[in-house]
Number of protein chains: 4
Amino acid sequence: MQPKPGRPARTFTEVARRAQIVECAADVIAETGYARASMAAIARRAGIAKSVISYHFADKNDLMQELIRTTIAAYTQFLEPRLAAEPSAGGKIRAYLDGSAQHMAARTNMHLALLEIAFNAAGPDGRPLLASIPLDAHTPALEQIMRHGQQAGELRNFDIEVMAGLLRSAVTHTMVLALRANPAIDLAGYASELATAFHLATSAQITNSQ
Amino acid sequence: MQPKPGRPARTFTEVARRAQIVECAADVIAETGYARASMAAIARRAGIAKSVISYHFADKNDLMQELIRTTIAAYTQFLEPRLAAEPSAGGKIRAYLDGSAQHMAARTNMHLALLEIAFNAAGPDGRPLLASIPLDAHTPALEQIMRHGQQAGELRNFDIEVMAGLLRSAVTHTMVLALRANPAIDLAGYASELATAFHLATSAQITNSQ
Amino acid sequence: MQPKPGRPARTFTEVARRAQIVECAADVIAETGYARASMAAIARRAGIAKSVISYHFADKNDLMQELIRTTIAAYTQFLEPRLAAEPSAGGKIRAYLDGSAQHMAARTNMHLALLEIAFNAAGPDGRPLLASIPLDAHTPALEQIMRHGQQAGELRNFDIEVMAGLLRSAVTHTMVLALRANPAIDLAGYASELATAFHLATSAQITNSQ
Amino acid sequence: MQPKPGRPARTFTEVARRAQIVECAADVIAETGYARASMAAIARRAGIAKSVISYHFADKNDLMQELIRTTIAAYTQFLEPRLAAEPSAGGKIRAYLDGSAQHMAARTNMHLALLEIAFNAAGPDGRPLLASIPLDAHTPALEQIMRHGQQAGELRNFDIEVMAGLLRSAVTHTMVLALRANPAIDLAGYASELATAFHLATSAQITNSQ
DNA sequence: AATGAATGAGATTTCATTCAT
DNA sequence: AATGAATGAAATCTCATTCAT
């Protein structure tokens, strides 16, 4: 965790400024959409000059990547112990849904911004910006959890890629969009409903006697 | 000799050009993302002058709305008979997943473009463009289907809003994004996996004897 | 008045179309201002295709010049006999004001359009379009009338250029603008007031004993 | 340490740039007409990039309004003390004509531009831009002056609206257009001629004995 | 005689970025 | 560390004009 040689340590002021800018960027993006979140708008919200952003970030891309990094780091740090505390795959899945809901409630704008950026921002090559972030950093290794659950006989024999994709979408799309549509929504209840659905969809040991 | 008043009577040429432009717009959006899909880029792809687009569409908004209208119309016309043919709620849900997969395979770029527009495009007021299209035209009335299924005792007593949201996300996000990530994906199999998951998650009459 | 060789005679239809287009141009210009009077707007008003205008007029300049020519011709033809009927300079000046008011009331839009064009339209060289029309065709030879009046001792010894300029402005600016500001104005009364003012300002031999 | 809220505190540089741009705009408009006075042309004249204008003014409308405000403010500040110094209505009218001529000679392009804008520029609603500036700010309250003169028995009993309109036209149209037609004109003499004419046209108690 | 279709030039405006202070 | 000022590229849209039918 030492500053690598060549990359000078950041002063306290700089760290604070960067955090403030990232926070404001998330707010503006969440409130007005990515397209309207110009550098000028973000600076205005932060009460600073446009060029201050340029001073602290290489370019807009860099700012967006920092926002992504920051959010994902906070998110995973929040989730990790909660998942680790659950021994079973089913418990981990429920913890993933509940924990995500909790974090989303606390950091709504960050998550809304993340979604906007995922769809809108494009790197210089035209490819979406999120692609340049390692995917498994984005969400916990749901695939691995499910694989273990299947091997232990706890989960039925579904296609892991499909189910993990659905579970991720349930959080990063379904839940986020529901929150955007209705900021007063009961997220914990929402997550609980989803947890039940995923329990039914994934558990082995269910006898369907129709 | 006049066309019906209010409906301005499009010539064959105009209809064809409009369709061509909409198609090219979808391609460019799907391939390069909404942000890069400028009028110039669309015109270049179509091999026409920028102003030809202006000649046929009032403005960019108009073009996007036409793309949305066209795609949704084709999509719902494709789905409707398939849903109607299934008597049970479960059948309808499976038909929705299977039919969507089929249509998506055939009109991939249209669906990718729709997703991009949904997230990116904003009308002059800043509100998302998709909001100006009646929502229930976008997808079949999943809520109603589920309600009937619950009343008939076929489906268990889940929260309809949550489950319908998840089902829509499964199609418009999970499946579309999987397709974007891997264009060679087996969509029919993907839909089938999802169908099983939703069957388990929604059916009544399942005895869970753990 | 024979069509000159090389300039083929205009058919009845063509003459009518040209007149219709000129009329519509005047209406649109008068109502929406020169800047908004695009070819498209004029064609729309006339209920014809844009290209019909191009068919009958070389270009927009040509159309504007025709509008100018037409209006000025009608205007002078209307004024000439009225001025000729007055033997005295003072009578001619009053006739100019009264006659202008009459003609303006009858052909309001033409006169409003003329004013708009005078200020807005520019030929290809950038000079105002009205400059390309012989000036003395625009209004009767007020200078000559005043000169005669002075020589006859009827008018006092003012600067002819200044007074003629003021008299023209009184009609082409003061009166027209008053009409534009208030279409229901009593133009005859307005002209009468002006006539009195100019009588006092120009006459020799006035004894004003309140 | 804050500038008064609502008044955004312009730096010296900004004030200078804005003034320069307004000046150049007036020059270009006066020389080439409003229609040709594009942002690009104004920027070219000022030797700056187009976007510098955008940086200092919200849009073209804003620039034009600033030009109008600036010119009218300078004009009225110049006239006011001159009118106030004259006790009689006749004196005020003559001062209005003389003062206008003086100011026009000094700020020719500003006045030419004002005339062009008055006729050409239209706000987003299509109404002329000058309408958005309070009219009585444009020229001194000629009507009030004349009313007082009539009540005092100094002026004869003419229609005030008509005469005030004519007097304004004499300055803002007759004189300005004469100046445009011939930049070397003797404006003071021109104003003097006009003053005599208006004296004769408005005074009570005149005994004209050739 | 008329028209729908197409075009290219040009206008305004937005925006990320750079630079001197 | 911060800022005001400036820039050039690009985007959308309008418009007079041309052409084939």
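To find a chain, count down the sequence lines: A is the first, B the second, and so on, and within it residues start at 1.
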Do [X] and [Y] have side chains that get closer than 4.5 Å, going by heavy atoms?
X: C:L115; Y: C:R180; value: no
X: C:I53; Y: C:I48; value: yes
X: B:T70; Y: B:L67; value: no
X: D:V22; Y: D:T71; value: no

* With sequence neighbours excluded, what pairs up with B:S54 under the side-chain contact (heavy atoms from CB on, under 4.5 Å) test? -> none
* Can you name the residues that form a side-chain contact (heavy atoms from CB on, under 4.5 Å) with B:D59, not counting sequence neighbours? -> B:N61, B:D62
* **Pairs where residues 42-53 of chain C contributes a residue and the test side chain to side chain donor-acceptor pair (under 3.5 Å) is met, not counting sequence neighbours** =>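 Every pair satisfying side chain to side chain donor-acceptor pair (under 3.5 Å) with a residue in residues 42-53 of chain C: C:E31-C:R45.
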* Asked: How does DNA chain F look in dot-bracket notation if pairs are Watson-Crick or G-U with both distances under 3.5 Å, crossing ones as [ ], other-strand ones as |?
  -> .||||||||||||||||||||
Contacts under 3.5 angstrom, residues 13-21 of chain B side chains, donor-acceptor by atom type, not counting sequence neighbours:
{"from": "B:R17", "atom 1": "NH1", "to": "B:Q20", "atom 2": "OE1", "distance (Å)": "2.7"}
{"from": "B:R18", "atom 1": "NH1", "to": "B:H56", "atom 2": "O", "distance (Å)": "2.8"}
{"from": "B:R18", "atom 1": "NH2", "to": "B:E66", "atom 2": "OE1", "distance (Å)": "3.3"}
{"from": "B:R18", "atom 1": "NH2", "to": "B:E66", "atom 2": "OE2", "distance (Å)": "3.4"}
{"from": "B:Q20", "atom 1": "NE2", "to": "B:A46", "atom 2": "O", "distance (Å)": "3.3"}

Any N/O pairs under 3.5 Å between the protein and nucleotides 10-14 of chain E? List them or say none.
{"from": "E:dT12", "atom 1": "OP1", "to": "D:K60", "atom 2": "NZ", "distance (Å)": "2.6"}
{"from": "E:dT12", "atom 1": "OP2", "to": "D:M39", "atom 2": "N", "distance (Å)": "2.8"}
{"from": "E:dT13", "atom 1": "OP2", "to": "D:K60", "atom 2": "N", "distance (Å)": "3.0"}

* Nucleotides bounding contact with chain D, strand DNA chain F, heavy-atom threshold 4.0 Å -> F:dG4 to F:dG8
Taking all non-hydrogen atoms of both residues into account, name the closest pair between [X] and [Y] and its distance.
X: C:K60; Y: C:Y34; value: CE-OH, 4.2 Å
X: C:A26; Y: C:M110; value: CB-SD, 3.7 Å
X: C:A25; Y: C:L63; value: CB-CD2, 4.3 Å
X: A:A37; Y: A:I42; value: O-CD1, 4.1 Å

* Which ones in residues 14-23 of chain B lie close to DNA chain E, meaning a heavy atom under 4.0 Å from one of its atoms? ->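 Within residues 14-23 of chain B, the residues near DNA chain E are B:E14, B:R17.
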* Asked: Considering heavy-atom distances to DNA chain F, does D:Y55 or A:T13 have its closest nucleotide positioned more toward the 5' end?
  -> A:T13
